[in-house]
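First the structure, in the form of structure tokens, and then the observations on it.
Residue numbers start from 1 in every chain, and the chains themselves are labelled A, B, ... in the order their sequence lines are given, proteins ahead of strands. Quantities reported herein were computed from a predicted structural model and do not represent experimental measurements.
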Protein chains: 2
Amino acid sequence: MTSSEAGFRDLSAPTPGGAKRSGAAGVAKRSVAAGAAKRSGAGGPVVAPALGAAARLRVAIPSVADRVAAELRLQLAEGLLLPGVRLTESTISEELGVSRNTVREAFAELAAERLVVRHPNRGVFVASLGPGDIHDVYTVRRFIEVSAIRGGGSPERVAAVRAAVEEGRAAAAADDEEALGNANQHFHGAIVALAGSRRLNTIMAQVLAEMRLFFHKATVDAHFYRNYLDDNEEICQALEAGDLERAGELLLAYLDRSEEKQSAVHGD
Amino acid sequence: MTSSEAGFRDLSAPTPGGAKRSGAAGVAKRSVAAGAAKRSGAGGPVVAPALGAAARLRVAIPSVADRVAAELRLQLAEGLLLPGVRLTESTISEELGVSRNTVREAFAELAAERLVVRHPNRGVFVASLGPGDIHDVYTVRRFIEVSAIRGGGSPERVAAVRAAVEEGRAAAAADDEEALGNANQHFHGAIVALAGSRRLNTIMAQVLAEMRLFFHKATVDAHFYRNYLDDNEEICQALEAGDLERAGELLLAYLDRSEEKQSAVHGD
DNA sequence: AATCGAAGAATTGTTGAACAATCCGTAGAT
DNA sequence: ATCTACGGATTGTTCAACAATTCTTCGATT
């Protein structure tokens, strides 16, 4: 399974910038087309001319490398790319229609997020978490989430936690396991968001992204998250009641139980 | 001040791999030197042939991009590259003797660590932290450090905290402000290390690296850290005595005071 | 037969060059 | 004095080449 059978979206088409020469040997000196001959190449896909306006509107326009990283992040989250799988530069480069160098830049991003691991001269592999990593991830979560909930938060932020609980309830009613998992992550994300710290939010987002990497194996148990629904409800109620001490303890117990379960599912 | 007057070390010489063609057009087909003719190129700098052995010894051999990132990280920490300064790709590329693409990869690493900020199509700049960022950084520290110290740690790890305290004392005795600052960072690093979590350690390392970015301005006050020596001692004693609750509270008070001071030094 | 090692293929690491797109400062027109 | 067109500088991205390393395969040897 070389990861190439996944349905990659083509990222090269809507790219602003990008030479996209047809392919012939590059003997063409730069003498021609030095002046105002813009977009003169053989009938490449012409992009909408309104792109300049977008730039003026200060819309964040992610670079191709960023979009490649985003795409890979998505496939990682969807479980399309299983842990341990090798990501070949040339394959992804072709599949996504971008250059190998750009893929390389995207890899640097993902490696910084620990989603992939670089083995020098051997390639990058989808990160696979061992038992030690699972404990480590839960340690981070205990530190951050419990501290966050014990600090409380503004009413709107508490409401966001509540919303995540309801989101999970709805997903359970609809029997949508996927949505249930997402709701659970939103719940914990909302707890961290109580602190209103940009850095803590991104740290938490990264940790959750890491967890998605090995959660796919765990979801075989159809009602894996279902047990947590009541826990979330209870925690949320304590939070809303202002009993932060109790909310913290409930959350801590929850995390301990969750870690235990995860450790059991994976070879301990 | 374009950051180019800093004394860059040349990273290109000891590089394993790297074509380093003299410059002429690359019409030389790859037909020649296909077999055993290794290191046949025109008299480039010949590296020690023992490099293969190093690889066999599984010594981590960082890529050039990593070394560029490390070099920049160092200059950032030393305060050679002030916040807000623009880092031009071509300049660094020449200065360090590596290709622009490699510099680019290093930038991706540093951007992921928040040490530099990318402005699309405008370049990368040394990150500069505003008042909000200072508060944010201290929020992260409060969460992680206080949780860590309240969890206690093995005797060896407590000893490491003690060692950092003594290190600071020695630096103060020697009137070495630089060493004093480092000792202080070691102290807080050691506190987080109590938890024994790889991820928390790297998170803390990154946060401290961010702080170094704006600490240089603060160090004008000659005995800025000196006030903290007694705090550290007190915290360490509580930790050693097993009074984790008190240690946590002392640390929390310390962080609050520290944030206040930093906020005062910087605008607002 | 099992093992060792060497030729070969595949892939990564790094470079250099090319060019499109964008940004910025400046000079010219209104 | 303000706006606009022009040019230079720099980033974003691609391509092609090649060195070094790892992986594979296939013989040759004990």
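- Salt-bridge check for Glu109(A) with Arg73(A): passed, with a basic side-chain N closer than 4.0 Å to an acidic carboxylate O.
- Note: Glu210(A) CD to Arg141(A) CZ = 11.5 Å, rounded to the nearest 0.5 Å.
- The side chain to side chain contact (heavy atoms under 4.5 Å, CB included) test with Leu87(A) singles out one residue from Val103(A), Leu81(A), Leu110(A), and that residue is Leu81(A).
- Rounding to whole angstrom units, CZ of residue Arg86(B) and P of dC23(C) are separated by 12 Å.
- Taking every heavy atom of residues 100-107 of chain B and every atom of DNA chain D, pairs under 4.0 Å involve Arg100(B), Asn101(B), Arg104(B), by number.
- Listed by residue number, Arg118(A), Pro120(A), Asn121(A) are the residues of residues 108-121 of chain A with a heavy-atom contact under 4.0 Å to DNA chain C.
- A donor-acceptor pair is defined here as one N or O able to donate and one able to accept, closer than 3.5 Å; no such pair exists between the side chain of Thr102(A) and the backbone of Ala65(A).
- Checking the phosphate oxygens (OP1, OP2) of dT12(C), no side-chain nitrogen or oxygen of Ser63(B) falls inside 4.0 Å.
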When the side chains of residues 200-207 of chain B are checked against the rest of the protein, which donor-acceptor pairs come out under 3.5 Å, sequence neighbours left out?
residue, atom, partner, partner atom, Å
Asn201(B), ND2, Ser197(B), O, 3.4
Thr202(B), OG1, Arg114(A), NH2, 3.3
Thr202(B), OG1, Arg199(B), O, 3.0

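- Rounded to whole angstrom, the span from the CD atom of Glu94(B) across to the C1' atom of dT10(D) amounts to 13 Å.
- One distance of note links CZ of Arg104(A) with CD of Glu105(B); it measures 4.5 Å at 0.5 Å rounding.
- For Val68(B) against Ala106(B), the heavy-atom pair with the smallest separation is CG1-CB, 3.6 Å.
- The residue among Ser99(B) and Gly123(A) whose nearest nucleotide of DNA chain C lies closer to the 5′ end is Gly123(A).
- Arg142(B) meets the salt bridge (Lys or Arg N to Asp or Glu O under 4.0 Å) test with Asp256(B), Glu259(B); sequence neighbours excluded.
- Remark: Arg118(B) pairs with no residue by the salt bridge (Lys or Arg N to Asp or Glu O under 4.0 Å) rule, at least two apart or across chains.
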What protein N or O atoms touch nucleotides 5-7 of chain C N or O atoms at under 3.5 angstrom, if any, and at what distances?
none

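- In terms of heavy-atom proximity, Ala195(B) sits nearest to Phe143(A) at CB-CZ, 3.6 Å.
- One N or O on the side chain of Ser99(A) and one on the backbone of Asn101(A) form a donor-acceptor pair closer than 3.5 Å.
- One atom, CD of Glu89(B), and another, P of dT22(C), lie 17 Å apart when rounded to the nearest Å.
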